[in-house]
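Here the structure is a predicted model, which is why all the values come from computation and not from measurement. In what follows, chains are A, B, ... by sequence order, proteins preceding strands, each numbered from 1.
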Protein chains: 2
Amino acid sequence: MAKKRQVTLTDIAATLGVAPMTVSRVVNRNGYVSDETREKVLQAVKTMNYRPNGVARNLKRQRTETVGLVLGDISNPYSAELANAVRERLWSSGYNLFICISEHSATEDITAFESLVDHNVDGIIVATRSNEEGDEHLRDIVDSNMPVVVIGRDFQYEGVDHVAADNLTGGYEATQHLIDLGHRRIGFIGADIKNRGSLKRLQGYLNALKTHDIEVDERLVTGRKEAISGVPGYSTEKMGYEGMKRLLSLPNPPTAVFARNDFTAIGAMTAIKEAGLGIPGDIAIVGFDDIPMATHTSPPLTTVRQPMRLQGQLAAEMLLRRIGDEETPERKERILNCELIIRESTVLPG
Amino acid sequence: MAKKRQVTLTDIAATLGVAPMTVSRVVNRNGYVSDETREKVLQAVKTMNYRPNGVARNLKRQRTETVGLVLGDISNPYSAELANAVRERLWSSGYNLFICISEHSATEDITAFESLVDHNVDGIIVATRSNEEGDEHLRDIVDSNMPVVVIGRDFQYEGVDHVAADNLTGGYEATQHLIDLGHRRIGFIGADIKNRGSLKRLQGYLNALKTHDIEVDERLVTGRKEAISGVPGYSTEKMGYEGMKRLLSLPNPPTAVFARNDFTAIGAMTAIKEAGLGIPGDIAIVGFDDIPMATHTSPPLTTVRQPMRLQGQLAAEMLLRRIGDEETPERKERILNCELIIRESTVLPG
DNA sequence: GCGGAATAAGTTAACGTTAACTTATTAACA
DNA sequence: TGTTAATAAGTTAACGTTAACTTATTCCGC
């Protein structure tokens, strides 16, 4: 189970009859070493396959120049773009990024957090959905002085910065767009109506209906019920496909649908087509996120563009501020505007 | 820059007048501690916000129960599925997974490897494209006894297991399928023909043409040239869109196209439609990977299914074998079959 | 009552590295 | 010639934890 004992810096030093600090100076290109001694050390390093023990180094230095990012649904291109934005911003400041996945449960959240804390990362960015147990662990972690920033997670805690897209307004505007086009029977695919409290997009949809005195028909809201662990879960194209089929089987199907994200919308589109119906002629559809794929659907998808790169960049900057500051900075919150992108899934060209 | 000094186990012990080992026993639920002492320790742990220093612990224990996974193009759902398969298999054996991204360059490869090694992960799975500098670093890492498994990377080294999909046969069969349908002008989108040596799918395409005495028209092979660092790079839907437009502008455009992956194929489909052409009536198209989205395109995409989950699972198992074994096991290589999945982008229904 | 095992600690030293400091010598400049 | 700075090391001890071992007491079974 345990790895074979590795050659240590002290072994090299003993072999060459120099001090371990001399070997360290050569390896880290730090301080003064004569050319002759340097060559001898480098040769021994190569010959004896010495690799520095990063854990020992981290213990002594109390820094790792590594940041952790906890993601939920990595199959959604949203996650990829977020991760890349975070990574690029951190890289430019000399930090490495470790990504952990927490997809289904509070347990996965906690494991991811603990694992990163165990490795003494210099800070953590959390981009998974909120759940009570995970939040409690996050609070503990923050209380022990770990810099933390959350993205799109409904977690309010002094000392934790918060970046999110304005999902509430985004959901409202998506629904408003359909209402402006004359739709009154508007479905929502991707969540159970019970999740309105934690899903701002669903709440925005409901708000728009209410503003226009359109009665909410709960049968038009379809999605997976809460999982056992209390995490609402993520929405996939499969859910879109099945949810759309469910809506189409209603006695009075919707004429328009707002899907929780683009992935879900794309699945719904397939179900519409398989039923021999036209988009948007028979059913108009709006997604959310504006993933690259949204321009390649048939027809191209109307969607709400979420500023993924900006979220990632801001979160990284906020975290760097926390890492760099001796005092815990006051909490910052940025709610970023989304943008309705109208394409041909709701409006015919010309 | 340095984090505030954290409460240590020794601080707790001093405060309570017990030995540090006693605190350790309570925290780690190990050994014998009286109920009275346990309560006192737990109370102090909470009051003083003590968190174990994982780095110190890892240094002493020489194990982290963490594995690193280096991924290239995480925006491709292939990566998500691979990561999830790896994660699930490792989780069931008590290991955590840290994912690093290395997308564009050997430098990113090296940084990812070094960062993981620095944290003394128990092993590394590498799923990025091969490049000489990265390979050299990998060899060094392996020589210092780090267990390593590669996925889909053309890297042969004693002590490193290899899992891959049979891209050569997959590319051959995709092209064969188009030839069987009567196509003789078949394009390839996603890479420059110079990359044939490192891109098995491209080589398979060329092999199939050769088998059928179909002359290779280099103008029909289109994609990004090698990046500066020598890494061919990854293929996106954008490349598919632009590549298809390039092929359509030829005096004698292809009647069929094999795209390097599904993402690329989806982009090409958009270009075909924008040109007012039909799929497969005017141009047939085959992708590669069979990502979930492939069934939702319009028309559904013919593709070569890559066994992503099985690759991830096998790689994880191979790595666990290496981690668990005192001796370095002999090298294992598994090349997994792909499967041609015929949908409506090449063959009309009925 | 005796012996062995369990309980409940404490002690020792190690894990591998480096920040901070000390010592000695040499070179440069006024 | 004297002073200061640079060069080239070596020494000390710390980072925070735990594996392995020791010591003392109590409990249980024969």
Side-chain angles (χ1 to χ4, degrees), chain A residues 1-41 44-45 48-65 114 117-120 122 144-146, chain B residues 1-41 44-45 48-65 114 117-120 122 144-146:
Chain A
M1 177 60 84
K3 276 186 282 186
K4 273 195 298 191
R5 180 182 178 278
Q6 311 295 296
V7 171
T8 68
L9 177 153
T10 308
D11 296 331
I12 304 274
T15 302
L16 298 182
V18 298
M21 265 316 299
T22 302
V23 179
S24 183
R25 288 190 179 106
V26 173
V27 167
N28 293 304
R29 297 186 186 83
N30 179 50
Y32 302 105
V33 186
S34 68
D35 288 344
E36 181 189 10
T37 302
R38 177 182 296 110
E39 283 308 313
K40 280 204 245 174
V41 171
V45 164
M48 297 167 75
N49 266 317
Y50 167 71
R51 291 201 75 83
N53 186 317
V55 168
R57 188 162 186 269
N58 292 341
L59 178 61
K60 180 63 192 175
R61 293 169 71 245
Q62 300 279 341
R63 287 181 295 127
T64 60
E65 272 101 42
E114 294 295 332
V117 171
D118 249 17
H119 280 262
N120 269 7
D122 292 338
S144 63
N145 291 309
M146 170 66 75
Chain B
M1 177 60 87
K3 277 186 281 188
K4 273 193 298 189
R5 182 183 177 279
Q6 310 293 296
V7 171
T8 68
L9 177 152
T10 308
D11 297 330
I12 303 276
T15 300
L16 297 182
V18 299
M21 265 316 299
T22 301
V23 179
S24 183
R25 288 190 181 105
V26 174
V27 167
N28 294 303
R29 297 187 185 83
N30 179 50
Y32 301 106
V33 185
S34 68
D35 289 344
E36 180 189 12
T37 302
R38 178 182 295 109
E39 283 308 312
K40 281 204 250 178
V41 170
V45 163
M48 297 168 77
N49 265 316
Y50 168 70
R51 291 200 76 82
N53 186 316
V55 168
R57 189 163 185 267
N58 292 338
L59 178 61
K60 180 65 193 175
R61 293 169 73 244
Q62 300 280 340
R63 287 180 295 126
T64 61
E65 272 100 42
E114 294 296 331
V117 170
D118 249 16
H119 281 261
N120 267 8
D122 292 338
S144 63
N145 291 312
M146 169 66 75

Do the non-hydrogen side-chain atoms of [X] and [Y] ever get within less than 4.5 Å of each other?
X	Y	result
Thr37(A)	Thr22(A)	yes
Asp118(B)	Glu65(A)	no
Arg29(A)	Arg38(A)	no
Val55(B)	Asn58(A)	yes
Asn53(B)	Leu59(A)	yes

Rounded to the nearest Å, what distance is computed from the [atom1] atom of residue [X] to the [atom2] atom of nucleotide [N]?
X	N	atom1	atom2	answer
Met21(B)	dT17(D)	CE	P	12 Å
Asn58(A)	dT17(D)	CG	C1'	15 Å
Met48(B)	dG16(D)	CE	P	13 Å
His119(B)	dG16(C)	NE2	P	18 Å
Leu9(B)	dT17(D)	CG	C1'	7 Å
Arg29(B)	dA8(C)	CZ	P	17 Å
Arg63(A)	dA19(C)	CZ	C1'	11 Å
Asn30(B)	dT18(D)	CG	P	9 Å

DNA chain C: Val7(A) or Lys60(B), which has the more 5' nearest nucleotide? Lys60(B)

If you pin Ala19(B) and Ala56(B) to their nearest nucleotides in DNA chain C, which one's is more 5'?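 Looking at the nearest nucleotide for each, Ala19(B) comes out on the 5' side.
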
Output yes when at least one side-chain N/O atom of [X] is less than 4.0 Å from OP1 or OP2 of [N], else no.
X	N	value
Tyr32(A)	dT7(D)	yes
Ser24(B)	dT18(D)	yes
Thr22(B)	dG10(C)	yes
Gln62(B)	dG16(C)	yes

Compare the minimum distances between each of [options] and the side chain of [X], then state the nucleotide with the smallest one.
X	options	value
Thr37(B)	dT18(D), dA9(C), dT17(D)	dA9(C)
Tyr50(A)	dT17(D), dG16(C), dT17(C)	dT17(C)
Arg57(B)	dA8(D), dT18(D), dG16(D)	dT18(D)
Leu59(B)	dT17(D), dG16(C), dT17(C)	dG16(C)
Asn28(B)	dT18(D), dG10(C), dG16(C)	dT18(D)

With heavy atoms under 4.0 Å as the rule, sort [X] into base, sugar-phosphate or nothing.
X	result
Thr8(B)	sugar-phosphate
Ser34(A)	sugar-phosphate
Val18(A)	sugar-phosphate

Could you tell me whether the side chain of Arg25(A) has a donor or acceptor atom within less than 3.5 Å of a complementary atom in the base of dG10(D)?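 Indeed there is one.
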
Note: for Pro20(B) and Asp35(A) on DNA chain D, the residue whose nearest nucleotide lies more 5' is Asp35(A)

What distance separates Leu9(B) CG from Arg25(B) CZ, expressed to the nearest 0.5 Å? 11.0 Å

